[in-house]
Amino acid sequence: MDRLTITADYAEQPAKPKQGSNLLVPLIVVSIIAIIATSVSISLTVMLVTNDHLQNDDVNECQPNSSCQVNTMSGKSFSIPDYTPGLDCGDIMDAVGPISGVYKIQPKGASAPFNVYCEMTDSGAWTVIQRRQDGSVSFIRTWAAYKAGFGNIDGEYWIGNDNIHYLTNQVPYKLRIDLEKGDGLTAYTEYNPFMIEDEYNNYTLHLGKPSGTAGDSLIQTFANNNGQPFSTYDVDNDQNPYSCANSNYAGWWFESCTAGNLNGFYYTINEESSYQGGLYWYSWNLNEPLKTVTMKIQAAD
C-alpha cells in the first residue's frame with residue numbers, strides 16, 4: 001500500500017471523541033510522518049540498488065576486442081566471459097551460461113575454430129547448422145560452397161558439410177528441425193541419431209528414428225534420403241536420371257528426389273508460383289512454402 005492510499009485511509013476514519021481525544025490528532029500526525037519516512041527510505045534504497053545495477057551494466061558493456069553479445073531485453077551489447085572454443089555449443093553453455101548468440105567452436109578434426117550460432121534452451125544447448133528466414137541468402141550453391149559453408153551466421157546460413165561431419169563424428173548427435181508456416185504455426189521433427197560421413201564418401205547421410213509434430217519427410221516417404229550422398233548442381237550423386245539439385249534449386253541428400261527440401265528456393269508466402277524447388281516439408285505442409293526453418297544438433301542423451 002503506497003503513501004497516498006495510507007493518507008486516504010486515515011482521512012476516511014471518523015473521529016471518535018473520547019477521554020484523552022486531545023492527544024488523538026498529534027498521534028495520527030506522528031504516525032503518518034513515520035509511515036512517510038519509511039516509504040521514502042524504501043524508495044531511496046530501491047533507487048540505489050537500481051543505480052548500482054545500471055552501473056554494473058555500464059561496466060560490462062562490450063569493450064573493443066572483447067567477446068560480446070546483445071542483451072535482447074535492453075538491446076545493449078555486453079561482454080561475455082572469456083572462453084575456450086569448445087567441441088560444440090554444449091561446451092559453450094557450460095563456460096558462459098545460457099546466453100544464445102554467435103560463438104567459436106572447434107570440434108575434433110577441425111583445423112581451426114569457426115563461428116556458429118548457439119541456441120540455448122531449457123532442453124540444453126543446440127548448435128545451429130542451418131537457418132532459413134527471409135530469403136536473403138541464396139542456397140543455389142556449388143559443391144565447394146556447401147563443403148566450406150556460406151551465409152551470415154546471425155541470419156541465413158549453412159555451416160558447411162565438413163563442419164557438420166566434424167561435429168557429428170565426435171559422439172552420437174541428434175538433429176532437430178524447427179519449422180514455421182506463413183500463418184505462424186510451428187512444428188518440429190527430430191532424428192536420433194544423426195551424422196554424415198566425410199567428403200571422400202560424399203557426406204552420406206545417416207538418420208535414426210524420427211519423432212515430433214511435423215512428421216517424417218526424409219525416411220518413410222516416396223524418396224528415402226537416409227543413406228544418400230550429398231548432391232549439388234555441379235556434383236550429381238542422386239538416384240534420379242535427372243539432377244535433383246537442379247530441379248530443387250538446392251544442395252541436399254537427394255534420392256529421387258526428396259519430400260523435405262530445406263535448402264530449396266525461398267518463396268515469399270504471397271508469391272504466385274508453382275513452388276517448384278521451394279522450401280517445403282511434405283509431411284506437414286505439403287509443397288507450400290515454409291516461412292522459417294532451423295536445423296540444429298545436440299549430443300544425444
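- Annotation for F222: atom CZ counts as buried by contact number, over 12 foreign heavy atoms lying within 6.0 Å.
- For OH of Y282, the number of neighbouring non-hydrogen atoms (other residues, nucleotides, ligands) closer than 6.0 Å is 12 at most.
- Atom CD1 of residue I219 and atom NZ of residue K209 lie 11.0 Å apart, to the nearest 0.5 angstrom.
- A 4.5 Å side-chain heavy-atom check between I159 and I164 finds at least one atom pair inside the cut-off.
- Side-chain N/O atoms of Q170 and Y173 include a donor and acceptor closer than 3.5 Å.
- Linking ILVMFWY residues whenever their side-chain heavy atoms come closer than 4.5 Å, directly or via other members, places L262 and V116 in the same cluster.
- Side-chain atoms of Y157 and N152, non-hydrogen and from C-beta on, never get closer than 4.5 Å to each other.
- With contacts defined as side-chain heavy-atom distances shorter than 4.5 Å, the pair F114/I105 qualifies.
- Here the CD-CD distance, from E180 to Q133, works out to 10.5 Å after rounding to the nearest 0.5 Å.
- Residues D91 and Y83 have side chains that never bring a donor and an acceptor to within less than 3.5 angstrom of each other.
- No side-chain donor-acceptor contact under 3.5 Å links D88 to the backbone of C118.
- Both V128 and L290 belong to a common hydrophobic cluster when Ile, Leu, Val, Met, Phe, Trp and Tyr are linked at side-chain heavy-atom distances under 4.5 angstrom.
- Between the T127 side chain and the C89 main chain, a donor and an acceptor come within less than 3.5 Å of each other.
- For D238 and Q228, the side-chain atoms include no donor-acceptor pair closer than 3.5 Å.
- Across all their heavy atoms, T121 and M93 have their closest contact at O-CE, 4.0 Å.
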Given side-chain hydrogen bond (donor to acceptor under 3.5 Å, both in side chains), test N202 with E197 step by step and report yes or no.
CA-CA 7 Å; N202 295 318; E197 298 182 30; over 6 Å; no
Run the side chain to side chain contact (heavy atoms under 4.5 Å, CB included) test on I177 and T294 for me, step by step, so that the C-alpha distance in whole Å, both residues' side-chain angles and the decisive distance to 0.1 Å come before the verdict.
CA-CA 6 Å; I177 301 169; T294 302; over 6 Å; no
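- Rounding to the nearest 0.5 Å gives a distance of 11.0 Å between CD1 of I196 and CG of L175.
- Taking the centre and axis of the six-membered ring of W284, the NZ or CZ atom of K181 falls inside the cone set by 45° and 6.0 Å.
- Using a distance-only test at 3.5 Å, with no hydrogens or angles considered, a donor-acceptor pair links the side chain of N285 to the main chain of E288.
- Contacts classified as salt bridge (charged side-chain N to carboxylate O under 4.0 Å, His left out) and involving residues 108-129 (residues at least two apart or in different chains) are given here: E119-K296.
- When all heavy atoms are compared, the tightest approach of Y191 to T189 is CE1-CG2, 3.6 Å.
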Hey, mind stepping through W281 and L218 against side chain to side chain contact (heavy atoms under 4.5 Å, CB included) and telling me if it holds?
CA-CA 9 Å; W281 190 256; L218 295 181; 3.6 Å; yes
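- With hydrophobic clusters built from ILVMFWY side chains whose heavy atoms lie under 4.5 angstrom apart, Y266 shares a cluster with V137.
- Taken from CH2 in W253 to SG in C244, the straight-line distance is 14.5 Å, to the nearest 0.5 Å.
- The heavy-atom pair separating M120 from A125 by the smallest distance is SD-CB, 3.5 Å.
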Run the side-chain donor-acceptor check on residues 142-151: report pairs under 3.5 Å with partners two or more places apart or on a different chain.
residue : atom : partner : partner atom : Å
T142    : OG1  : A145    : N            : 3.2
W143    : NE1  : E199    : OE2          : 2.9
Y146    : OH   : F139    : O            : 2.5
Y146    : OH   : G251    : N            : 3.1
K147    : NZ   : D162    : OD2          : 2.8
K147    : NZ   : E199    : OE1          : 2.8

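- Geometrically, R131 engages Y117 in a cation-pi contact defined by less than 6.0 Å to the ring centre and at most 45° from the axis.
- Pairing each heavy atom of Y280 with each of L286, the nearest pair is CB-O, 3.5 Å.
- Using a cutoff of 4.0 Å between basic side-chain nitrogens and carboxylate oxygens, E190 and R176 are scored as salt-bridged.
- Y166 and W158 are not part of a single hydrophobic cluster, where members link through side-chain heavy atoms under 4.5 Å apart.
- Between T204 and N201, the shortest heavy-atom contact is OG1-O, 2.7 Å.
- A distance of 10.0 Å separates CG in N240 from CZ in F254, rounded to the nearest 0.5 Å.
- Across all non-hydrogen atoms, the minimal contact from G86 to I92 is N-CD1, 3.8 Å.
- At distances below 3.5 Å, at least one donor-acceptor pair connects side-chain atoms of N261 with backbone N or O atoms of N248.
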Determine, stepwise, if the pair I140 / Y233 fulfils side chain to side chain contact (heavy atoms under 4.5 Å, CB included).
CA-CA 8 Å; I140 306 173; Y233 71 80; 4.2 Å; yes
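- Judged by distance alone, the side chain of R132 and the main-chain N or O of G264 form a donor-acceptor pair under 3.5 Å.
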Are S283 and D216 close enough, and set up right, to give a side-chain hydrogen bond (donor to acceptor under 3.5 Å, both in side chains), and what steps lead you there?
CA-CA 6 Å; S283 61; D216 169 32; over 6 Å; no
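- Side chains of N161 and H165: a donor-acceptor N/O pair is absent below 3.5 angstrom, by distance only.
- If you take NZ on K174 and CD on Q298, they are separated by 4.5 Å, rounding to the nearest 0.5 Å.
- Hydrophobic clustering (ILVMFWY, side-chain heavy atoms < 4.5 Å, transitive): F230 and Y242 are in distinct clusters.
- With no hydrogens or angles considered, a side-chain donor-acceptor pair links D234 and T232 at under 3.5 Å.
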